[in-house]
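Working notes, structure below.
The chain is numbered in sequence order, starting from 1.
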Amino acid sequence: MMRLLSSGVQETRQVTQHNKTKKSAQTLRSARWFEPDDLRSFGHRSRAMQMGYSAQEWQGKPVIGIINTWSDINPCHTHFKQRVEDVKRGVLQAGGFPLELPALSLAEQFVKPTTMLYRNMLAMDTEELIRCHPIDGVVLMGGCDKTTPGLLLGATSAGVPAIYIPAGPMLRGNWHGKVLGSGSDAWKYWDDRRSGLISDRDWTEIEGGIARSHGTCMTMGTASTMTAIAEALGMTLPGASSIPAPDSNHVRMAADSGRRIVDMVWEDLKPSDIQTHAAFENAIMVAMAMGCSTNAIIHLIAQARRAGCDIGLDDFERYSRLIPVIANVRPSGDQYLMEDFYYAGGLPGLMTRLRDHLHLDALTVNGATLGENIAAAGVYNDDVIRPIDNPIYAEGALAVLRGNLAPDGCVIKPSACPTHLHQHTGPALVFDDYPSMKAAIDREDLEVTADHVLILRNAGPQGGPGMPEWGMLPMPKKLLKQGVRDMLRLSDARMSGTSYGACVLHISPESYVGGPLALVQTGDMISVDVPNRSIRLEISDEEMQRRREAWTPPEVRFERGYGWMFSQHIEQANEGCDFDFLKTAFGKPVGEPDIY
């Protein structure tokens with residue numbers, strides 16, 4: 001059955017595909033809290049009444065949790081304070097009982113040292129909010145970088161029906177008639193200011209013009225990457241990830257999602273029915289075609305393994321060779337932003353151009369297959385969403401490199417760096433931490449040339465701590481003044497998805513735990529060969545072993561609290577940076593809570 005969603009997206013309903021018996025009111029999870037004739041359930045009912053609810057509002061109805069990552073300090077989610085009311089409206093219209101549950105709000109711009117330190121905390125928050133409350137289905141409201149994977153990780157482990165609502169990208173920026181893109185232009189104009197090309201007044205005006213509405217970064221940063229991945233996985237309504245946050249279609253999509261989750265509860269359509277190995281392959285292919293953030297690798301590996309799917313770096317490398325970049329969106333593209341991408345057909349339009357590669361039989365949250373969802377989609381601007389035979393980059397956005405410097409792999413975004421640096425050998429200039437690098441990088445007497453390879457270490461999952469987005473190391477001021485705007489830069493850190501340049505990231509194992517990056521010395525020759533997917537420290541195996549034996553571990557980062565727990569249980573970048581004890585394979589599933 002075909003119908004048109006109020007947000008303008010076609011939806012195909014074929015809810016019998018997952019072959020499950022429809023839920024009844026008696027088999028709702030929430031019935032364990034509200035239905036028994038005992039003292040404990042008396043308490044549940046009476047306290048619900050204390051909040052002004054009557055029995056008619058919950059009896060025989062799915063209780064829908066709305067996990068909202070709004071906060072006063074999260075600009076990406078400013079509109080969630082109102083948008084949650086739109087979700088509730090949809091839930092009520094479909095005969096559900098909506099309950100808002102606030103969760104950790106990871107504001108990328110303000111949380112220090114990095115939101116990555118807290119992604120798994122949000123995942124735990126989400127999982128336990130669902131498990132301990134009388135929730136039959138859940139609407140996940142996120143968008144800012146780590147909120148998408150954090151919410152999906154938790155909901156996957158909790159195992160109740162779930163649908164994701166992306167915050168949506170903000171409107172394009174503007175300064176002196178020039179279009180500004182989040183992050184990407186911040187880096188560009190910061191270098192211009194350091195070089196003396198723009199004034200302090202210009203810089204202040206750019207501050208006020210680069211982010212001029214609520215919503216996530218409108219470049220193809222981590223936020224837009226991860227929401228697109230959520231849609232490609234089948235966890236959002238079709239077309240949801242591309243709608244700009246201020247667009248009225250976003251309001252309607254939120255209400256549509258509220259209505260849909262109620263049906264999903266009755267259908268017992270869970271993340272485990274949707275997040276299959278084929279769905280994760282679809283997500284990787286879409287990410288590559290989008291010119292995705294390098295962070296996609298870490299989050300998708302973690303999400304897949306929570307879903308019981310064996311996805312790793314080799315899967316990204318395989319699809320990188322197969323799928324070209326066709327979304328002409330900055331920073332991989334040179335002109336357009338997410339608002340343009342939406343008008344050009346959005347993610348459904350892009351997926352029509354990947355139709356020959358995608359698993360079209362993958363199930364999605366609307367009960368239809370991916371193929372059915374994109375059957376009526378189209379592309380309306382061939383320069384924004386390119387045909388497969390006219391890509392902006394012939395291979396996928398990311399490349400996985402391996403060698404004696406990164407035995408467990410590392411990542412580069414070749415679609416966003418100059419081709420002359422795809423194959424490079426040069427001397428290392430090593431910094432052991434960010435403060436020492438920052439203190440040196442603006443010195444006019446710094447002994448550095450464009451051939452050098454800048455190295456930052458002790459910035460990985462444990463060393464950072466939390467693997468901060470420090471990987472786009474600032475260019476030496478001395479070189480900027482010579483007109484040099486890029487050079488090879490290596491680290492065990494991450495970088496913002498809005499960043500660009502010849503930055504090799506996620507070097508695993510990280511230097512803090514004794515990975516080979518810890519053994520590099522200033523002056524050593526480093527070779528990177530992107531076409532051949534290799535990275536090498538040009539010293540002998542004997543010299544590498546001698547340095548390893550002389551290496552001493554750095555000081556412990558945390559001796560108490562959450563940071564201590566993080567350090568004890570965080571996995572390396574190539575494994576998804578999940579906590580070892582949260583992985584599905586760690587132990588048998590957690591049962592339903594006892595109610596006595």
Discussion item. Could you work out, with side-chain hydrogen bond (donor to acceptor under 3.5 Å, both in side chains) as the rule, every residue matching Thr156, not counting sequence neighbours?
Written reply: Gln275
Discussion item. What I'd like to find out is whether the side chain of Pro134 reaches to under 4.5 Å of the side chain of Phe34, using heavy atoms alone.
Written reply: yes
Item to complete: Quick one: do Val286 and Leu358 satisfy side-chain contact (heavy atoms from CB on, under 4.5 Å)? Show the steps, please.
Response: CA-CA 9 Å; Val286 167; Leu358 295 172; 4.2 Å; yes
Discussion item. Is the ring pair Trp190/Trp203 parallel, tilted or perpendicular, if the boundaries are 30 and 60 degrees?
Written reply: tilted
Worksheet entry | Heavy-atom side-chain contact between Leu153 and Arg119 under 4.5 Å | yes
Worksheet item: Under 4.5 Å between any side-chain heavy atoms of Arg29 and Ile135, yes or no?
Response: yes
Item to complete: Could you tell me which non-hydrogen atom of Ala232 sits nearest to which non-hydrogen atom of Ala283, and how far apart they are?
Response: CB-CA, 3.9 Å
Item to complete: Would you please name every residue forming a side-chain hydrogen bond (donor to acceptor under 3.5 Å, both in side chains) with Ser248, sequence neighbours left out?
Response: Arg252
Worksheet item: Roughly how far, to the nearest 0.5 Å, is NE2 of His133 from CD1 of Ile67?
Response: 9.5 Å
Discussion item. Using a 3.5 Å distance criterion without hydrogens, assess whether the side chain of Asp185 forms a donor-acceptor pair with backbone atoms of Gly181.
Written reply: yes
Fill in: Spacing of CD1 belonging to Ile326 relative to CG belonging to Leu350, to within rounding of 0.5 Å
4.0 Å
Mind listing the side-chain donor-acceptor pairs of residues 236-246 below 3.5 Å, one per line with the distance, residues two or more places apart or on another chain?
from	atom 1	to	atom 2	distance (Å)
Ser241	OG	Glu231	OE1	2.6
Ser242	OG	Leu347	N	3.1

Worksheet item: Roughly how far apart are Lys81 NZ and Ser71 OG, rounded to 0.5 Å?
Response: 10.5 Å
Worksheet item: Would a 4.5 Å heavy-atom cut-off, applied to side chains only, mark Tyr53 and Leu99 as touching?
Response: yes
Discussion item. A side-chain contact here means heavy atoms from C-beta on lying under 4.5 Å apart; do His299 and Ile229 qualify?
Written reply: no
Item to complete: With the side chain counted from C-beta on, respond yes when Leu354 and Asn282 share a heavy-atom pair under 4.5 Å apart, and no when they do not.
Response: no
Worksheet item: Hey, what's the ring geometry for His44 with Trp33, parallel, tilted or perpendicular (30° and 60° as the breaks)?
Response: tilted
Item to complete: For Asp383 and Gln335, run side-chain contact (heavy atoms from CB on, under 4.5 Å): C-alpha distance rounded to whole Å, both residues' side-chain angles, the deciding distance at 0.1 Å, then the answer.
Response: CA-CA 10 Å; Asp383 194 38; Gln335 181 176 354; 4.3 Å; yes
Discussion item. Using the rule side chain to side chain donor-acceptor pair (under 3.5 Å), only one of Asn295, Asn120, Thr115 pairs with Lys146; which is it?
Written reply: Thr115
Worksheet item: Once you round to the nearest 0.5 Å, how far does CG of Leu233 lie from CD1 of Ile274?
Response: 9.5 Å
Item to complete: Tell me, with the steps shown, if Thr222 and Glu108 meet side-chain contact (heavy atoms from CB on, under 4.5 Å).
Response: CA-CA 10 Å; Thr222 303; Glu108 192 71 26; over 6 Å; no
Fill in: Pairwise side-chain contact, Phe97 with Asp136, heavy-atom cut-off 4.5 Å (strictly under)
no
Worksheet, complete the sentence: Scanning both residues in full, the closest heavy-atom pair of Pro75 with Phe110 reads CD-CE1, 4.0 Å
Fill in: Residue list, side-chain hydrogen bond (donor to acceptor under 3.5 Å, both in side chains) with His214, at least two apart or on another chain
none
Worksheet item: Please walk me through it: do Thr584 and Arg305 pass side-chain contact (heavy atoms from CB on, under 4.5 Å)?
Response: CA-CA 7 Å; Thr584 302; Arg305 294 183 180 184; over 6 Å; no
Side-chain donor-acceptor distances from residues 56-66 under 3.5 Å, at least two apart:
from	atom 1	to	atom 2	distance (Å)
Gln56	OE1	Ser54	OG	3.3
Glu57	OE2	Ser54	N	3.0
Lys61	NZ	Gln56	O	3.2

Donor-acceptor pairs under 3.5 Å, side chain of residues 87-96 to any protein atom, not counting sequence neighbours: which ones?
from	atom 1	to	atom 2	distance (Å)
Arg89	NH2	Asp86	OD1	3.1
Gln93	OE1	Arg259	NH1	2.3

Worksheet item: Roughly how far, to the nearest 0.5 Å, is CD1 of Ile388 from CZ of Arg353?
Response: 8.5 Å
Worksheet item: Which atom names give the shortest non-hydrogen contact between Arg330 and Ser184, and what distance separates them?
Response: NH2-CB, 4.0 Å
Worksheet item: Tell me, do Met290 and Ser224 make a side-chain contact under 4.5 Å, heavy atoms counted?
Response: no
Item to complete: State the OG1-CH2 distance between Thr204 and Trp175, to the nearest 0.5 angstrom.
Response: 11.0 Å
